[in-house]
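To start, the structure itself, in structure tokens.
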Amino acid sequence: MTRITHLAAILALLPLTAAAQDTPGAHFITNWDMNADGIVSLDDLTTKRGEVFVMFDANEDGALDATEYALFDDTRVADMANNAGEGHGPDQGRGQAAMLEGMTLAFNDTDGDGAVTLAEFTGHSADWLALIDRDGDGGITAADFDPATH
Ligand SMILES: [Ca+2]
Ligand SMILES: [Ca+2]
Ligand SMILES: [Ca+2]
């Protein structure tokens with residue numbers, strides 16, 4: 001029950017879907033653009049990462065441990081597998097890879113103790129933004145997912 005609830009929730013949060021996606025990164029932008037101004041800013045990322053964190057902190061101790069992170073990882077993999085069946089969507093290339101990397105335990109575990117605290121997770125929002133923000137304008141837009149841009 002808990003697992004299913006989490007899965008359903010994260011599918012709504014991280015729709016790395018190729019379905020009905022004409023603009024690269026459109027779903028990411030729709031779901032992470034918290035103030036709906038068309039640009040995913042650092043504030044948007046930080047706010048949303050806080051929500052994702054709470055969702056996966058099953059024992060509510062303020063840290064994602066290895067067990068909790070395994071579910072988080074599984075959920076992202078399941079989401080990718082789900083969407084892979086939808087035909088060939090646009091190759092989001094490095095944008096999508098960066099998006100996934102920014103969610104990993106290794107990326108977020110600043111002190112290397114094997115668990116990620118809320119401060120660590122939200123504290124890496126800027127690093128994550130920098131990874132995805134290919135045109136370096138400080139916000140994430142469709143331009144940052146365009147496979148033609150390098
Ligand atoms: Ca926890
Ligand atoms: Ca840590
Ligand atoms: Ca940008």
Side-chain angles (χ1 to χ4, degrees), residues 1-18 20-79 89-150:
M1 175 58 187
T2 305
R3 194 182 174 93
I4 290 167
T5 305
H6 279 155
L7 183 60
I10 198 68
L11 286 178
L13 284 172
L14 297 173
L16 307 173
T17 180
Q21 180 168 309
D22 298 317
T23 309
H27 283 259
F28 175 84
I29 292 164
T30 300
N31 283 279
W32 287 76
D33 180 15
M34 303 298 280
N35 64 356
D37 68 349
I39 301 166
V40 180
S41 65
L42 179 57
D43 281 351
D44 291 329
L45 285 183
T46 304
T47 302
K48 193 80 173 188
R49 279 167 81 87
E51 292 183 3
V52 170
F53 185 94
V54 167
M55 196 178 306
F56 283 95
D57 183 15
N59 64 0
E60 300 181 356
D61 69 345
L64 298 183
D65 59 29
T67 306
E68 289 164 343
Y69 228 99
L71 174 59
F72 186 22
D73 290 341
D74 286 350
T75 304
R76 296 196 310 280
V77 169
D79 189 33
D91 176 18
Q92 295 183 8
R94 223 181 62 188
Q96 181 154 322
M99 223 157 81
L100 293 173
E101 185 187 345
M103 284 296 186
T104 61
L105 191 153
F107 186 85
N108 291 291
D109 185 13
T110 309
D111 64 6
D113 69 349
V116 175
T117 63
L118 178 59
E120 286 177 328
F121 197 67
T122 56
H124 282 282
S125 300
D127 300 338
W128 196 37
L129 173 62
L131 268 187
I132 305 172
D133 182 20
R134 288 162 63 180
D135 64 9
D137 65 354
I140 300 170
T141 62
D144 297 310
F145 291 92
D146 187 345
T149 314
H150 285 284

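Atoms within each ligand, like the ligands themselves, are counted from 1 in listed order.
Classification of the Phe53-Phe121 ring pair by plane angle, with boundaries at 30° and 60°, yields tilted. Classification of the Phe28-Phe145 ring pair by plane angle, with boundaries at 30° and 60°, yields tilted.
Within Asp57, the N/O/S atom positioned nearest the Ca ion (ligand 1) carries the name OD1. The atom name of the N/O/S atom in Asp135 closest to the Ca ion (ligand 3) is OD1. As for Asp137, its N/O/S atom nearest the Ca ion (ligand 3) is the one called OD1. Nearest N, O or S atom of Asp109 to the Ca ion (ligand 2): atom OD1. The Ca ion (ligand 3) is closest to atom OD1 of Asp133 (considering only N, O or S atoms). The N, O or S atom of Asp111 with the smallest distance to the Ca ion (ligand 2) is OD1. When the Ca ion (ligand 3) is compared with the N/O/S atoms of Asp144, atom OD2 turns out nearest.
In the model, Asp43 has no side-chain atom that pairs as donor or acceptor with a side-chain atom of Thr46 under 3.5 Å.
A donor-acceptor pair under 3.5 Å is formed between the side chain of Asp144 and the backbone N or O of Thr141. In this structure, the side chain of Asp33 does not engage the main chain of Ile29 through any donor-acceptor pair within 3.5 Å. Side-chain atoms of Trp128 never come within 3.5 Å of backbone atoms of Leu42 as a donor-acceptor pair (strictly under, hydrogens ignored). Side-chain atoms of Glu101 never come within 3.5 Å of backbone atoms of Phe107 as a donor-acceptor pair (strictly under, hydrogens ignored).
Seen from the ring of Phe72, Arg76 counts as a face-on cation partner, given the 6.0 Å and 45° thresholds.
Note: angle at the Ca ion (ligand 1), from OE1 of Glu68 to O of Ala63, is 80° (rounded to 10 degrees). Geometry note: the Ca ion (ligand 1) is the vertex, Asn59 OD1 and Asp61 OD1 are the arms, and the angle is 80° (rounded to 10 degrees). Remark: at the Ca ion (ligand 2), atom OE2 from Glu120 and atom OD1 from Asp113 enclose 150°, rounded to the nearest 10 degrees.
Among the atoms of Gly139, an N, O or S atom falls under 3.0 Å from the Ca ion (ligand 3). Taking backbone and side chain together, Ala115 holds an N, O or S atom under 3.0 Å from the Ca ion (ligand 2).
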